[in-house]
Amino acid sequence: MVTASLPDPPTHASRRLHAARALWRDLAGRSARFATGVRQAWRRSLQVRVVTITLVASSLLVGGFAYLIADKITNILLENAETDVRLRLSNGSEYAAKQFNLYSQPQEAQLQDTIDGTVNYLAGGDPTQTSGVVVAITADNFAEFIEPRVSPDVPVRPVIGDELRRTVASGKVAHQIRTGTLGGERTKYLVYGSPVPTRFGQVELYYLVPLARQDTTAADARATVVATGVALVLLLGLLAALVTRLVVTPVRVAARTAQRLSAGLLDQRMVVSGEDDLALLAASFNQMATNLQRQILRLEEMSRLQRRFTSDVSHELRTPLTTVRMAADLIFTERDGFDPAVARSAELLQAELDRFEELLTDLLEISRFDAGFAVLDSEPTDLVPVVHRVTERLAGLAERVGVAIELDLPGTPVIAEVDPRRVERVLRNLVGNAVEHGEAKPVRITLGMDQSAVAVTVRDHGVGLKPGEEKLVFNRFWRADPSRARQTGGTGLGLSISLEDARLHGGWLEAWGAPGQGAQFRLTLPARAGDRLTTSPLRLVPADATLPFGGPRDGGLLAIGPGSGAGALAIGPADPAHAEVVP
């Protein structure tokens, strides 16, 4: 028979430990959230910062003044008490000296009675009174003949310190402040001692004055000063909040109005009230918004007219172009029977008509992008055949200019949800551009993918791009070398249309280049339509690039392309193989 041992039930101590840990975690979470809220309020609110700084500065200032005032009041009360005690001590010493000078020996029988009477007289005549001034007479040098006397009769030995007794016994007037229990209540005393010269020697006279009234007065003064200071600080904080609100509120209104303006609500304006600086700010802001609205509307109208003009011209040119194309085709077909010069003219006419048709097609496409009418027809597509089709179509051009096209493609299908017509057009533009600028050197096409994206790089080894040209290469009708003859008869709109196609997919189109090292273009598209790109499967800076900080794989070359919207920045670290793209 097999028996299974059950785990011991949790003890009360372990439960309390778990509860304490849970409470600690809860307190830590609350503290972290509170600290986060405070930091956010400090960063985001000008009013919070101004009020906080005012409260802190005024607290320090008022606290310093309160301390000085309270200290001054305490010192004045103590000085008054010391002056009163010194006057009493002086008069008491003279009186006691006259009484004791009647005796020449300390052992005389009447001397003790005289001491008792003197102490009671100096204390006010009531030896049973336990409040007020305490008077004591001692004779340390004649302790065997004279007993110490205190009025009222309380134990003063713990209050009169040994150092004070030695100082007074040596013939000097001294004082100290000590705290002790006389009469059942612990009180702070100002203790003054003075020697009293007699015919038989010296006795010591002590006055013990309670400082309870002075302490109470000083405490009341400190409480009054602190209450006044707190009220003043709160008043200053409230005043700072009100003043800051007067300034911050128009600024916040201006910020909200500016946000609405940036969102396209061009009719938003600020309310102008008064004639002060804030009113001038509001009026100036409204004037600026009016001018911006006027300019934006004007530019929108111009842009609309330009797009309409481009679209209308492109459409209207179709009919005469068709007629000219038919006549040109007829002439081109019969060119063998013409004079060589006329035959050459027919060939040039045919080539320029082809280029003109491409230009019209590109203009129509650009006008659709500008008008926002471009539509993406996404479908699962294998990009490997797309790359092969582009390569086969441009093989004749590559052979004619002496450029070899190398392919680095995966052995498995690369499936992505894309518009195959637009992707093929982008690749055709990139590869054709690379072949044209390849300087009879190989052009390499690389296809890669990961879990979230697919990418294609087109690498050439031509003249490359100068610093800053990677920002301009996607501009419409831009050419790196205007004097350079085109091999393909391009329109100057290919890369611009490719950029718009990439953006329509939610992807990036980026360029890298360096003088004498050629250029590389990278197209990155999300594997699933609608996904947001974060990284690319392929790097933008090629592995064989010599970077400007000391040779291959050393330093980082910046390449800026349009990427995901306003531009992408590709930064190559010490090893270009780890280059990342920051969209």
Side-chain angles (χ1 to χ4, degrees), residues 23-85 175-180 185-191 209-259 270 273-282 284-285:
L23 178 61
W24 173 253
R25 286 193 297 268
D26 182 65
L27 291 176
R30 292 176 182 268
S31 301
R33 289 192 294 271
F34 176 75
T36 301
V38 170
R39 286 195 298 270
Q40 290 179 351
W42 177 265
R43 290 196 307 267
R44 297 176 180 177
S45 177
L46 176 63
Q47 188 174 13
V48 169
R49 291 199 297 270
V50 172
V51 172
T52 302
I53 293 173
T54 301
L55 288 176
V56 172
S58 59
S59 299
L60 294 176
L61 185 62
V62 172
F65 276 114
Y67 174 79
L68 293 177
I69 292 174
D71 185 67
K72 187 66 174 179
I73 293 174
T74 303
N75 291 335
I76 291 174
L77 293 174
L78 184 60
E79 288 175 0
N80 292 337
E82 290 179 350
T83 301
D84 181 67
V85 174
H175 74 281
Q176 66 180 26
I177 296 177
R178 294 286 293 268
T179 300
E185 184 176 352
R186 190 170 181 82
T187 309
K188 183 166 63 175
Y189 285 88
L190 174 62
V191 183
V209 179
L211 298 178
R213 182 173 59 84
Q214 287 81 358
D215 287 346
T216 302
T217 303
D220 292 341
R222 284 193 295 270
T224 302
V225 170
V226 169
T228 305
V230 171
L232 181 60
V233 169
L234 293 178
L235 182 61
L236 289 175
L238 179 61
L239 182 61
L242 292 176
V243 173
T244 308
R245 183 179 179 83
L246 292 176
V247 177
V248 170
T249 299
V251 175
R252 290 175 178 172
V253 172
R256 288 194 294 268
T257 306
Q259 290 175 351
M270 293 180 61
S273 59
E275 299 178 357
D276 54 7
D277 295 335
L278 295 177
L280 179 61
L281 171 63
S284 301
F285 185 90

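These values consider heavy atoms only, across backbone and side chains, with no hydrogens, waters or symmetry-generated copies.
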Taken in chain and number order and not counting sequence neighbours, the residues that satisfy side chain to side chain donor-acceptor pair (under 3.5 Å) with D220 are none
The reported gap from CZ in R245 to CZ in R252 (rounded to nearest 0.5 angstrom) is 7.0 Å
Main-chain N/O of L246 paired with T249 side-chain donor or acceptor, under 3.5 Å
no
In this structure, CZ of R30 is separated from CG of D26 (nearest 0.5 Å) by 4.5 Å
Heavy-atom closest pair (V51 atom, A240 atom, distance to 0.1 Å) is CG2-C, 4.2 Å
Paired with L211, the side-chain contact (heavy atoms from CB on, under 4.5 Å) test is passed by just one of L77, T217, L78, namely L78
Looking only at heavy atoms, the pair that brings S58 and V233 closest together is OG-CG1, 3.7 Å
A212 and T187 have their tightest heavy-atom pair at CB-CG2, 4.2 Å
So CZ of R222 and CG of D71: to nearest 0.5 Å the spacing works out to 9.5 Å
Here the gap from E82 atom CD to N75 atom CG, rounded to the nearest 0.5 Å, amounts to 9.5 Å
Rounded to the nearest 0.5 Å, the CE atom of M270 sits from the CG atom of L281 at a distance of 5.5 Å
I'd like to know whether CZ of R213 has more than 12 heavy-atom contacts from other residues, nucleotides or ligands below 6.0 angstrom.
no
CD1 of I69 to OG1 of T74, rounded to nearest 0.5 Å, is 11.5 Å
* Starting from the C-alpha separation in whole Å, work towards a yes-or-no answer on side-chain hydrogen bond (donor to acceptor under 3.5 Å, both in side chains) for N80 and D84. => CA-CA 6 Å; N80 292 337; D84 181 67; over 6 Å; no
